[in-house]
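Report on the following structure.
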Amino acid sequence: MFNLISNKLVWPVVLACVMFAGANVAFAQVPASTPRPTPAPNDPTRPPGQPEIPGTTTPAQNPSAPPGTQQTSPTAVPGAPVTPQATPRPTPPAGNVPGGSTVPSGANEPLREPNIPTFQARPLPPVPSKDRLGVTGEKVGLSLNDAIKRALENNNDIEVARGDVRFAETQLRALEGIFDPVFAITPTYDKRISPQQSSLGGGSVTSTTTYSWSPSVTKQFGRGGGNYFLQFQNSHTNTSNSFSLLNPFYSSNLSLQFTQPLLRDRSIDNNRRQIRIQRKRLDQSDADFRQRTIDVITRVQQAYWELVFALRDQENQFANLNLSRESLRNIEAQIAAGAKAPLERAEVQTELANRETAVYSAIQTVAIAENNLKALIFKDPNSPEWSAQLDPTDTPKFDTNPVNLPDALKAAHDNRPELRRLRLQNDISDIDISFFKNQTKPQIDLTGALALTGLAGNQIRTFTPAGTLVPIIGTETLVDPSAFLLDEIRRTQIALGVPTVDTPLVASPGGGPNPTLVGGYGRDLRNLLGGDTRNITVGVSISFPFKNKTAEANLAGARIQKEQLQASTRSQEQIIEVDVRNSAQAVESARQRVLSA
């Protein structure tokens, strides 16, 4: 048993010793490698490929400095000019130089010194000026309320809208002028000489001269659609007619004619329709004026705050520019101290150029914002105020209260000028429908006339008053045959010695004109106003078309326009709803961002 265990332990040990001895023999037969010497850093002043000469020293080179840059002493003052120092020339040994090269005894030429540029700090560029082109005056302080007030007084767009309102007022007064009374007078002179073909013409040739003047007044009623015509005719006539009882004589006539519609044109006619429409258009022009005013105020507020923010941005850009200038100054100092490479200057100069570009852009933005605000608050482009610098005095204010959306929607639907204009247009459509519906009715008008007349003049000859006892036969033998015959009978009786016949007396029936007609122009007016002579006329005028297609077509068209207008109103209400909701959400989002900042 012991022999078996010994055999199992001895053989593995012997085999391991044999393998270890073989490995040592194999390792001893491999030649050892010769270590390579670490090459020394090349001298920057030595050409490439030339071995270093023993006995010479290589100055330490800053790894961050560009090749050929002269290194400064750590004790040198930053920014001071550095004087290049000559590199000590090594003395080559005679004979063979280690490395296999042979230096001839006559090659004692001096080595060329490297061209190292002298560092000089570059001056900083000048700071850009804040002056703007055409702005040379002093600063003028301007608050937002002052800007809005000046815009309302001087803005040309508001002046145009205000002129539209005044023009609409004049158009309304022009249409209402149809109801103004119209006075007219026609004085005339009439001279007529006419031959007469009858013995009753008052002579073979009669001459008549008439002077007349006839004032009149015409008036259209504003209610009811009626109208009246009042005329006062006066004339003075002088005639040679022998049958005329009065010569010269005055004649007057006062007449009143009226027409009153009963169906068509009674409640509304074309004149009243145009007046009602123009009143609505006047309200529309007022709504347009409000819209233009709101727009101008909004633009003034926007331009004012844009100017405020542009001035702030300009100050920020100048601050950024100053930081870049300070960074360039630090870089120059670091380069002078050898802490930075000259290449670092280019990066800072690029940044400085970008900052200057941003400054000039900010100045241009300020100029644009200022000019936009001036255009809104100045009236004359030649005003010297254009050269002034506007200095906003108000600052933005932040309200932490959230937007009340229901109140904003209600205010928008009640006060938006666009909706008010559409509502007024809806009223105009109702007026058109009412007018065209009235035109479908028949035309029935009540007409009437009342006239008073007056007459007075000078009596041509004397007439016996009525009831006076006069001989039954007159005494005018030349014109009265009975008087001639009676005169002959009396002569015969006297010749025969017979008593003459007495002419019986009878009551005179009266002749000549009525005594109330004898007189001048005053008597004529008294007779006129007495009302003893008058004319009265009353009638009804009826007319109607059989089909009346025109009125029915106009009524149908007006109703279609009414439906279109209602659709446009609903569309505008939706647009306002969207605008208010989007604006309220934008304000609320901005408020939340400010609160969370």
Side-chain angles (χ1 to χ4, degrees), residues 41-45 48 59-85 87 113-136 139 302-303 305-373 389-392 395-396 590 593-594 597:
N42 293 330
D43 185 2
T45 62
Q61 179 72 19
N62 186 4
S64 62
T69 303
Q70 177 67 31
Q71 300 300 316
T72 59
S73 174
T75 60
V77 180
V82 179
T83 303
Q85 299 178 359
T87 304
E113 297 180 357
N115 186 13
I116 301 177
T118 303
F119 172 77
Q120 292 182 356
R122 298 182 181 180
L124 294 177
V127 179
S129 175
K130 295 184 180 180
D131 295 338
R132 299 184 292 275
L133 185 63
V135 180
T136 59
K139 288 187 178 181
Q302 182 177 0
W305 294 122
E306 285 181 354
L307 179 58
V308 171
F309 297 144
L311 290 174
R312 287 190 177 183
D313 181 67
Q314 177 180 270
E315 297 299 329
N316 293 335
Q317 296 301 331
F318 269 97
N320 294 337
L321 177 62
N322 292 332
L323 291 176
S324 297
R325 290 169 61 86
E326 184 65 25
S327 177
L328 180 60
R329 188 181 295 107
N330 294 335
I331 286 295
E332 293 289 351
Q334 292 178 5
I335 293 175
K340 294 288 186 179
L343 188 60
E344 300 288 341
R345 181 191 298 113
E347 181 180 356
V348 180
Q349 287 177 342
T350 302
E351 180 66 20
L352 180 61
N354 294 335
R355 297 300 184 185
E356 290 181 351
T357 302
V359 165
Y360 288 123
S361 298
I363 294 175
Q364 181 181 0
T365 303
V366 171
I368 293 175
E370 187 179 49
N371 291 334
N372 291 337
L373 182 57
Q389 299 184 26
L390 298 183
D391 184 18
T395 57
R593 288 195 300 269
V594 173

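Values in this document were obtained by computation on a predicted structure and should not be read as measured data.
Counted within 6.0 Å of CD on Gln364, heavy atoms from surrounding residues, nucleotides or ligands total 12 or fewer; the atom is thus considered open.
Distance check, rounded to the nearest 0.5 Å: CG of Asn320 to CG of Asn354 gives 11.5 Å. Here the OG1 atom belonging to Thr357 is positioned 9.5 Å from the CG atom belonging to Leu352, to the nearest 0.5 angstrom. Residue Leu311 holds its CG atom at 7.5 Å from CG of Asp391, rounded to the nearest 0.5 Å. From Phe318, atom CZ reaches atom CD of Glu356 across 10.0 Å, with rounding to the nearest 0.5 Å. Atom OG1 in Thr395 sits 6.5 Å away from atom CH2 in Trp305 (nearest 0.5 Å). The CG atom of Leu133 sits 12.0 Å away from atom CD1 of Ile363, with the distance rounded to the nearest 0.5 Å.
Contacts of Gln302 classified as side chain to side chain donor-acceptor pair (under 3.5 Å), with partners at least two apart in sequence or in another chain: Glu306. Applying the salt bridge (Lys or Arg N to Asp or Glu O under 4.0 Å) rule to Glu351 yields the partners Arg355; only residues at least two apart in sequence or on another chain are considered.
Sequence neighbours left out, the pairs with a member in residues 310-320 that pass salt bridge (Lys or Arg N to Asp or Glu O under 4.0 Å) are Lys130-Glu315.
A 4.5 Å side-chain heavy-atom check between Lys340 and Arg345 finds every atom pair outside the cut-off.
The two residues Thr365 and Ala310 make their nearest non-hydrogen contact at CG2-CB, 4.1 Å. In terms of heavy-atom proximity, Ser324 sits nearest to Val348 at O-CG1, 4.1 Å. Of all the heavy atoms in Val366 and Arg132, the pair that sits closest is CG1-NH1, 3.4 Å.
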Next on the checklist: Could you go through Ile331 and Glu347, starting from their C-alpha distance and side-chain angles, then the distance that decides it, and tell me whether this counts as side chain to side chain contact (heavy atoms under 4.5 Å, CB included)?
Outcome noted: CA-CA 10 Å; Ile331 286 295; Glu347 181 180 356; over 6 Å; no

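Under the 3.5 Å distance criterion, the side-chain polar atoms of Ser327 are left unmatched by any main-chain donor or acceptor of Leu323.
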